[in-house]
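Have a look at the structure below, then the notes.
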There are 2 protein chains.
Amino acid sequence: MASKGSDLRLDERSRRLLKTLVERFIQDAQPVGSRTLSRDSGMELSPATVRNVMADLEEMGLVAAPHTSAGRIPTVKGYRLFIDTLLKVQPLSRVEVERLRENLETGEEFNPQSLISTASNLLSGITNMAGVVTLPRRDHSEIRHMEFVSLSAGRVLAILVFSDNEIQNRILHVEREYSPSELQQASNYLSSLFVGSGLMDVRRRLLNELSRTREDMNETMRAAVEMAGKVFSSSDEEDYVIAGQVNLMNFKELSDVDKLRQLFEAFTTKRDILHLLDQCVSADGVQIFIGEESGYKVLDGCSVVTAPYEIDDHVVGVLGVIGPTRMAYDRVIPIVDVTARLLGAALNSRE
Amino acid sequence: MASKGSDLRLDERSRRLLKTLVERFIQDAQPVGSRTLSRDSGMELSPATVRNVMADLEEMGLVAAPHTSAGRIPTVKGYRLFIDTLLKVQPLSRVEVERLRENLETGEEFNPQSLISTASNLLSGITNMAGVVTLPRRDHSEIRHMEFVSLSAGRVLAILVFSDNEIQNRILHVEREYSPSELQQASNYLSSLFVGSGLMDVRRRLLNELSRTREDMNETMRAAVEMAGKVFSSSDEEDYVIAGQVNLMNFKELSDVDKLRQLFEAFTTKRDILHLLDQCVSADGVQIFIGEESGYKVLDGCSVVTAPYEIDDHVVGVLGVIGPTRMAYDRVIPIVDVTARLLGAALNSRE
DNA sequence: TCTGGCACTCTCACCATGAGAGTGCCAAAC
DNA sequence: GTTTGGCACTCTCATGGTGAGAGTGCCAGA
């Protein structure tokens, strides 16, 4: 939030001009000339004066001219300064907040999966850009229920229910057939051990259980522990849900098919985007990557606005919006911010 | 397969020329001129003669010239004739069949969902176009297992396992709390009624059960039937998994961003594409829609090659490939065909 | 019936041209 | 010293003309 140290001591006039320039450019996607700027700035300055200021800003690397006789456009550095020190975010309109709340306030059918994709769709729908939401990490979510069900010879169905109503199941292949009562016993035993514990905790304790064979365990318990080992071995891979990619095709800065292809490939591959989103888990609130700042050149020309979301005071995921650098940050930032809070609230363990 | 009735009685020479023209155009995406054609056809014909034939073909609407001095390109009608009567499909190479088999022959972790998306990815990967697979309808798949699990006051988890290992679960909201033994009883009762029956069958019989209150039912059974009613009420909505849409961005006939956007929107909306795929369920084998033949103008310039796939001799879904009209049908057709068979086999109920 | 020849047409790449927009800089004004 | 008006300059973009290249249509002759 503080102004970057370096040589960017700008006087008030330059700051205001930069601000109007960025706003104007965001509005209509065209290089802004000195004439327009002198009109729009609200200050009584002649185009010539503006030109002088522009020359300074250009030297500082805050704006650039596509060619000699075009107006100026903000550089990444210019956007950065704008966002960090000049931007005044606009609170969400009531309608928008309502729309978010209505959709995220969980109805009858409560289901984390669908909440996540709803959030992603909302983000893209409201901003007309792409919305992205990572699946929540379950490291800290508690186990509410666990149970084994016999399917057929050698196959056992394991069911896990988490505190946020997430249900996971998996079919285990086992050596011998277990009777329903044996499985019941195993379920009971493991439930007594693990229900109410966080997943990370469970994994840790399970490792202990597995390593030593205790005399006081009967065969069923041992089998139970072994099955649990298989169930919990799944390293929950990170993943995200993205929505509204097509929206990006409407922006003229992304009208190059080749550019678009690379971007969409990145969305499908997921690796780079996940990396980027991961960095935001540790951030405090809304975080913004402008253009190549992110370090991924596919995102050149794009900005990513993210915010982490929490369940029970633990950050479990990140959501955000991906769009052209030239986006209405004053609108997008609060949208991302509020959505993160609402999603967190909606996911919170509850009755 | 038979030549369309109308006026398309073509002599052998015209047919051969049309065939080479289409092949050539598929190969290098450029209008084919008389000179090239006379060389490639393998027949001893001067360009002039070829031109005469071309004039005839154009009159019949089988080929068209983008402008006076370009060569000819096939029309939809031309493609149709080509595919129906001239095309000789190429059997898959051993490598390709192996790749398909390896990926679809179910390994340890058998799971219909992932098989479907593997199939979709394979289709797109091998053809370098977009692959699409509808989720299998479960009307005829048998129920292997059903069970109720108490979660907390007023919430019961219902679990359904189908013959193809598909697992579905759903949280039910109920009026009062049920004890584990009550739920066990309910599970047993319903299992005895429904395990081994097809879903369609179950729905029908359940309606009967629900409509009349029988005296010989105790309260638990009645509750069981009611819960089952909720579980099975879910009209399983149709859906599909699509993969490799980005591949379509590589084709120069789809280099118009606007065109692409419409296409991608259709993929996201799903409605039109589902409609189209639905029509193929009833078809016998591979079916091909060329360009606007499908009736959807978003698909102008695209062809769709589909084949239904079966579980236990019931057609349960459709898979296919979407790409530019100018695609290598001789390769794509067998790929779609074989994949449909392999996917069906892989999904077949089995130990 | 087929073919060679020829005039014709259309595209495409290239260049020149001029209008429009905006700059940079200088000298004068405040 | 800062601001301003003026003016030459530069760059883009749309327009139009030109010539090469490709391929056609048609006609007359084999």
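Bear in mind the structure is a predicted one, so any value in this text is a computation, not a measurement. Just so it is clear: chains get the letters A, B, ... in the order the sequence lines come, proteins before strands, and each one is counted from 1.
Summarising the geometry, the separation between CG on Asp40(A) and P on dG22(C) is reported as 12 Å, rounded to the nearest angstrom. Here the P atom of nucleotide dT1(C) and the CE atom of Met43(B) are 17 Å apart, to the nearest Å. Atoms CZ (Phe25(B)) and P (dG23(D)) sit 14 Å apart, rounded to a whole Å. In this structure, the CG atom of Asp28(B) is 15 Å from the P atom of dA22(D), given to the nearest Å. For the pair Ile73(B) CD1 and dT11(C) P, the computed distance is 14 Å after rounding to whole Å.
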Which pairs of donor and acceptor atoms, one on a side chain in residues 58-65 of chain A, lie under 3.5 Å apart (sequence neighbours left out)?
residue, atom, partner, partner atom, Å
Glu58(A), OE1, Arg72(A), NE, 2.8
Glu58(A), OE1, Arg72(A), NH2, 2.8

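Among the heavy atoms of the strands, none lies under 4.0 Å from Gln30(B).
Ring centroid separation for the pair Phe264(B) and Phe264(A) comes in under the 6.0 Å cut-off.
Checked against side-chain hydrogen bond (donor to acceptor under 3.5 Å, both in side chains), Tyr329(A) has the following partners two or more places apart in sequence or in another chain: Ser303(A). Applying the side-chain hydrogen bond (donor to acceptor under 3.5 Å, both in side chains) criterion to Thr75(A), with sequence neighbours excluded, gives no partner residue. With sequence neighbours left out, Arg16(A) forms a side-chain hydrogen bond (donor to acceptor under 3.5 Å, both in side chains) with no residue at all.
Applying the salt bridge (Lys or Arg N to Asp or Glu O under 4.0 Å) rule to pairs touching residues 18-34 of chain B yields Lys19(B)-Glu23(B), Arg24(B)-Asp28(B), Arg24(B)-Asp40(B), sequence neighbours excluded.
You'll find that the side chain of Leu45(B) is closest to dT3(C), out of dT4(D), dT3(D), dT3(C).
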Heavy-atom protein contacts under 4.0 Å, nucleotides 24-30 of chain D, coded B base, S sugar-phosphate only, - none: BBB----
